[in-house]
Amino acid sequence: MDLTYRFCPQCAGVLELREVKAGEPMRPVCTRCGQVIYLDPKVAVGTIIADDTGRLVLVRRAIEPGYGLWVFPGGFVDRGELVTTAAIREAREEAGLDIRLDQLLNVYSYPGRAPVIIVYVATMLGGELACDDEGLEAKWFPPDTIPWDELAFQSTTDALKEFLGRSG
């Protein structure tokens with residue numbers, strides 16, 4: 001584990017990695033006051049949005065990570081924001097669409113990765129497909145035309161496969 005932070009937020013003492021409890025990961029601990037720093041995951045949401053013909057929305061990313069690759073609309077949840085509100089907000093910001101959340105598809109997390117991704121299935125209610133400054137383009141894809149080799153994240157691939165009932 002990298003020591004992401006070097007100084008204690010409590011007393012500004014130097015942090016070092018230590019085993020705090022047997023069987024748990026190494027954690028940053030202040031060498032001066034002993035405060036343990038718990039590095040929490042970052043929560044993100046995504047929405048698989050379908051129209052009345054079964055097409056799905058994907059956005060080509062204009063930012064790293066994954067510049068130029070495709071994802072469904074999504075992003076980080078702000079502190080204190082409801083995850084459902086974040087999902088609806090991100091769909092509006094990234095794809096220009098007003099949606100209804102229909103169901104929780106799944107929650108995805110991966111070893112060694114900070115984000116926990118909560119993915120919803122949604123239906124388009126209105127708006128016009130467009131992208132913001134984080135996207136190069138937004139497009140409707142019939143399921144048999146999804147660019148599987150050009151998806152940005154493992155969670156994008158996993159969620160789309162789960163939604164479409166595919167394996168492998």
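Values reported hereafter were calculated over all heavy atoms of this structure, with side chains retained and with hydrogens, waters and symmetry mates removed. All values reported here derive from a predicted model rather than from experimental measurement.
- Residues meeting the side-chain contact (heavy atoms from CB on, under 4.5 Å) test with L129, sequence neighbours left out: V57, A95, L97, A138, W140.
- When all heavy atoms are compared, the tightest approach of L101 to A122 is CD2-CB, 4.1 Å.
- Using a 4.5 Å heavy-atom threshold, the side chains of P9 and I37 count as touching.
- To the nearest 0.5 Å, the span separating CZ on R55 from CE on M124 amounts to 8.0 Å.
- Residue pairs meeting the ring pair (Phe, Tyr, Trp, His ring centres under 6.0 Å) criterion with at least one member in residues 62-106, sequence neighbours excluded: W70-F141.
- For the atom pair CZ of R61 and CD of E150, the computed distance is 14.5 Å after rounding to the nearest 0.5 Å.
- Across every non-hydrogen atom of N106 and E162, the tightest pair is ND2-OE1, 3.0 Å.
- Between the CZ atom of F153 and the CG atom of L69 there is a distance of 8.0 Å, given to the nearest 0.5 Å.
- Atom CZ of R100 is separated from atom OG1 of T47 by 13.0 Å, given to the nearest 0.5 angstrom.
- Linking Ile, Leu, Val, Met, Phe, Trp and Tyr whenever their side-chain heavy atoms come within less than 4.5 Å puts V29 and Y38 in one cluster.
- Counting heavy atoms from C-beta outward, Y108 and V116 have side chains that stay 4.5 Å or more apart.
- Residue pairs meeting the salt bridge (Lys or Arg N to Asp or Glu O under 4.0 Å) criterion with at least one member in residues 66-83, sequence neighbours excluded: D78-R89, E81-R89.
- Between the CG atom of D158 and the OG1 atom of T156 there is a distance of 9.0 Å, given to the nearest 0.5 Å.
- C8 has its side chain within reach of C33: a pair of non-hydrogen atoms, C-beta onward, lies under 4.5 Å apart.
- Each of V71, T145, L151 was scored for a side-chain contact (heavy atoms from CB on, under 4.5 Å) with L58, with one residue passing: L151.
- Put simply, the residue from K21, R18, R27 that forms a side-chain contact (heavy atoms from CB on, under 4.5 Å) with V36 is R27.
- Within 6.0 Å of CD on E64 lie more than 12 heavy atoms contributed by other residues, nucleotides or ligands.
- Inter-residue side-chain proximity for V107 and I118 is flagged as met; some heavy-atom pair is nearer than 4.5 Å.
- Considering only heavy atoms from C-beta on, D98 comes within 4.5 Å of R92 through its side chain.
- Following chains of ILVMFWY side-chain contacts shorter than 4.5 Å, one can reach L104 starting from V83, so the two form part of one hydrophobic cluster.
- When all heavy atoms of A159 and L105 are compared, the pair lying nearest together is O-CD2, 3.3 Å.
- For the pair L56 and L160, the minimum side-chain heavy-atom distance is below 4.5 Å.
- Between I49 and A91 the shortest heavy-atom distance is CD1-CB, 3.9 Å.
- In summary, of the residues considered (I99, I88, I48, T84), a side-chain contact (heavy atoms from CB on, under 4.5 Å) with Y120 occurs for T84 alone.
- Minimum heavy-atom separation, E19 to M26: N-SD, 3.5 Å.
- Using a distance-only test at 3.5 Å, with no hydrogens or angles considered, no donor-acceptor pair links the side chain of E137 to the main chain of R60.
- Side-chain atoms of L164 and I146, non-hydrogen and from C-beta on, do get closer than 4.5 Å to each other.
- For CZ of R113, the number of neighbouring non-hydrogen atoms (other residues, nucleotides, ligands) closer than 6.0 Å is 12 at most.
- Closest approach of V59 to C131, counting heavy atoms only: CG1-CB, 4.5 Å.
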